[in-house]
Participant: 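Please find one structure pasted underneath; my questions will follow.
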Number of protein chains: 2
Amino acid sequence: MTSKLPNTSRSLPIALIRAREGVMFPIREMLTKTGITEQQWRVLRVLSEFGALDTSTLANRASLLFPSLTRIATTMRNKGLISQKRDDKDRRRQIITITEAGQKLIDDYTDQSAQIVVGFRETLGDKNYEQLLDLLEQLDPGSKQPRA
Amino acid sequence: MTSKLPNTSRSLPIALIRAREGVMFPIREMLTKTGITEQQWRVLRVLSEFGALDTSTLANRASLLFPSLTRIATTMRNKGLISQKRDDKDRRRQIITITEAGQKLIDDYTDQSAQIVVGFRETLGDKNYEQLLDLLEQLDPGSKQPRA
DNA sequence: TGATAATAGTTAACATGTTAAGGAATGACG
DNA sequence: CGTCATTCCTTAACATGTTAACTATTATCA
């Protein structure tokens, strides 16, 4: 059996990369002004939404790998955006908390960020936008169980 | 006006990352056996589809940034997967060509790669799969003009 | 209890993503 | 022809992605 690959123009991995580029462009533009990266923004958003979390849970919810989060956390601690302490019950665990400065950063840019989301929603239309999220979720291996 | 951000679970950027993780997982598993990375695989696929290309065009079609491609090309040249030469007409340009070894690698793994694509197509269903590609394309800023 | 496995994170090493600056060749124009 | 902007690409610097090895702590179980 000799199967053929789709054209690169209809390749799912490449389409996902390009879509991400397109979505991230205006967001990155906004983040430039904040001085933090896309990943650091995700960390703040997750902490702001869920409160203090241990490293594993945070990594999972922000879709970051452990080693990345270890480095990012160091950077963010130095910037005063988060604080870290050991869990007294299980001393292997690190508990990460958002600081006031971190929360302020979120608050300051929530509107602008939300506007960008609205833009994409309008580009696709509400119905398509929701369907896109549904389809993407089906490709996500973690979507079967709720995240830790 | 105080807008609110969507939950991180319905955030488009995060959904795109997670979907990409899901799609890339089996592909990366396959690529481990080949000894090349996902990006190097993309370069080979584009060269195999379009023939020799200059660096700019290749970067564009493989969705790679220039600096990345510069490094990747060095690696791949050392592995004997591609060859590079200057364009005689415009000596700023590098022309990149796939080697026999590179083409063999593509040939050896085309079937396996195509099977993975089939898997995702079946997961979503043909219709949804095509619609997903269409929606993703709408988020791609480069989709308005055909790529260089 | 004491050896061993499992868990939570970190560190290391290499590749890529991202932005900015730099170098070489070409093009435009007075 | 000479200057200057433009184009194509490379280098540099820092952040993240990815895999593997390693440390510290906790759980298991004979």
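Just the heavy atoms: all of them, side chains too, but no hydrogens, waters or symmetry mates, feed the values below. Labels below follow one simple rule: chain letters A, B, ... track the order of the sequence lines, proteins then strands, and each chain is numbered from 1.
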Participant: Decide yes or no, distance alone: a donor-acceptor N/O pair under 3.5 angstrom between the base of C/dG17 and the side-chain of B/R71.
Facilitator: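 Yes, a donor-acceptor pair under 3.5 Å.
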Participant: Is A/Q40 touching bases, backbone alone, or none of the nucleic acid, heavy atoms closer than 4.0 Å?
Facilitator: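 The residue A/Q40 makes sugar-phosphate contact but no base contact.
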Participant: Between B/T57 and B/N60, does any side-chain donor sit less than 3.5 Å from a side-chain acceptor?
Facilitator: no
Participant: When you get a sec, tell me which of C/dT16, C/dT11, D/dC9 is the closest nucleotide to the side chain of B/I72?
Facilitator: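 Looking only at heavy atoms from C-beta outward on B/I72, the closest nucleotide is C/dT16.
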Participant: Do we see a donor-acceptor contact under 3.5 Å between the side chains of B/Q115 and B/D111?
Facilitator: no
Participant: What is the distance, to the nearest angstrom, from the CG atom on A/D54 to the P atom on C/dT7?
Facilitator: 15 Å
Participant: Could you please name the option among C/dG9, D/dC8, D/dT10 that lies closest to any side-chain atom of B/R92?
Facilitator: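 Among the listed nucleotides, the one closest to the side chain of B/R92 is D/dC8.
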Participant: Using a 4.5 Å cut-off on heavy atoms from C-beta on, say whether the side chain of B/S68 contacts that of B/Q39.
Facilitator: no
Participant: Return the value, rounded to whole Å, for the distance between atom CD1 of B/I17 and atom P of D/dG17.
Facilitator: 8 Å
Participant: If each of B/R86 and A/L65 is mapped to the nucleotide of DNA chain D with the nearest heavy atom, which maps nearer the 5' terminus, i.e. the 5' end?
Facilitator: B/R86
Participant: Is a donor from one side chain sitting under 3.5 angstrom from an acceptor on the other, for A/T55 and A/Q94?
Facilitator: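 No, no side-chain donor-acceptor pair sits under 3.5 Å.
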Participant: Select one nucleotide: of D/dC9, D/dT18, C/dT26, the one nearest the side-chain heavy atoms of B/D90.
Facilitator: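 Nearest listed nucleotide: C/dT26.
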Participant: Using whole Å, report how far CG of A/N60 lies from P of C/dA8.
Facilitator: 12 Å
Participant: Using whole Å, report how far CE of A/M24 lies from C1' of C/dT18.
Facilitator: 12 Å
Participant: Just the rounded figure in Å: distance from P of D/dG17 to CG of B/L31.
Facilitator: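 B/L31 atom CG is separated from D/dG17 atom P by 19 Å.
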Participant: Touch check for A/L64, heavy atoms < 4.0 angstrom, all strands: base, sugar-phosphate only, or nothing?
Facilitator: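 A/L64: backbone/sugar contact only, no base atoms under 4.0 Å.
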Participant: If you look at every heavy atom in B/M24 and A/P13, which pair is closest and at what distance?
Facilitator: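 Scanning both residues completely, I find the closest heavy atoms to be SD-CB, 3.8 Å.
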Participant: It should be established whether B/Q39 places a side-chain nitrogen or oxygen under 4.0 Å from OP1 or OP2 of nucleotide C/dG17.
Facilitator: yes
Participant: How do B/K89 and B/P67 order along DNA chain C: which one's closest nucleotide is nearer the 5' end?
Facilitator: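 The answer here is B/P67.
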Participant: In whole angstroms, how far is the C1' atom of D/dT18 from the CD1 atom of B/I36?
Facilitator: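 Value for this atom pair: 16 Å.
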Participant: Quick one: does A/R91 reach the base of D/dT25 with a side-chain donor-acceptor pair under 3.5 Å?
Facilitator: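 No.
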Participant: Closer to the 5' end of DNA chain C via nearest nucleotide, is it A/R20 or A/F66?
Facilitator: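 Per heavy-atom nearest nucleotide, the more 5' residue is A/F66.
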Participant: So what does B/Q94 hit on the nucleic acid, given a heavy-atom distance under 4.0 Å: a base, only sugar-phosphate, or nothing?
Facilitator: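 Sugar-phosphate: the residue B/Q94, judged by heavy atoms under 4.0 Å, touches backbone atoms but no base.
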Participant: Base, sugar-phosphate, or nothing for B/T37, non-hydrogen atoms under 4.0 angstrom?
Facilitator: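 Counting heavy atoms under 4.0 Å across all strands, the contact made by B/T37 is with sugar-phosphate only.
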Participant: Side chains of B/T8 and A/R45: do they bring a donor and an acceptor to under 3.5 Å?
Facilitator: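 Absent: no donor and acceptor within the cut-off.
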Participant: Counting only side-chain nitrogens and oxygens, does B/S56 get under 4.0 Å of the OP1 or OP2 atom of D/dC9?
Facilitator: yes
Participant: Can you measure A/R42 atom CZ to C/dG17 atom C1' for me and round it to whole angstrom units?
Facilitator: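 Whole-Å distance recorded here is 13 Å.
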Participant: Reckon B/R28 has a side-chain N or O less than 4.0 Å from the OP1 or OP2 of D/dT18?
Facilitator: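 Answer yes for this pair, as a side-chain N or O of B/R28 is under 4.0 Å from OP1 or OP2.
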Participant: Could you check whether A/S68 gets within reach of a base, just the sugar-phosphate, or nothing at all, counting any heavy atom under 4.0 Å?
Facilitator: base
Participant: Measure CE/A/M76 against C1'/D/dT16 and give the value in whole Å, please.
Facilitator: 14 Å
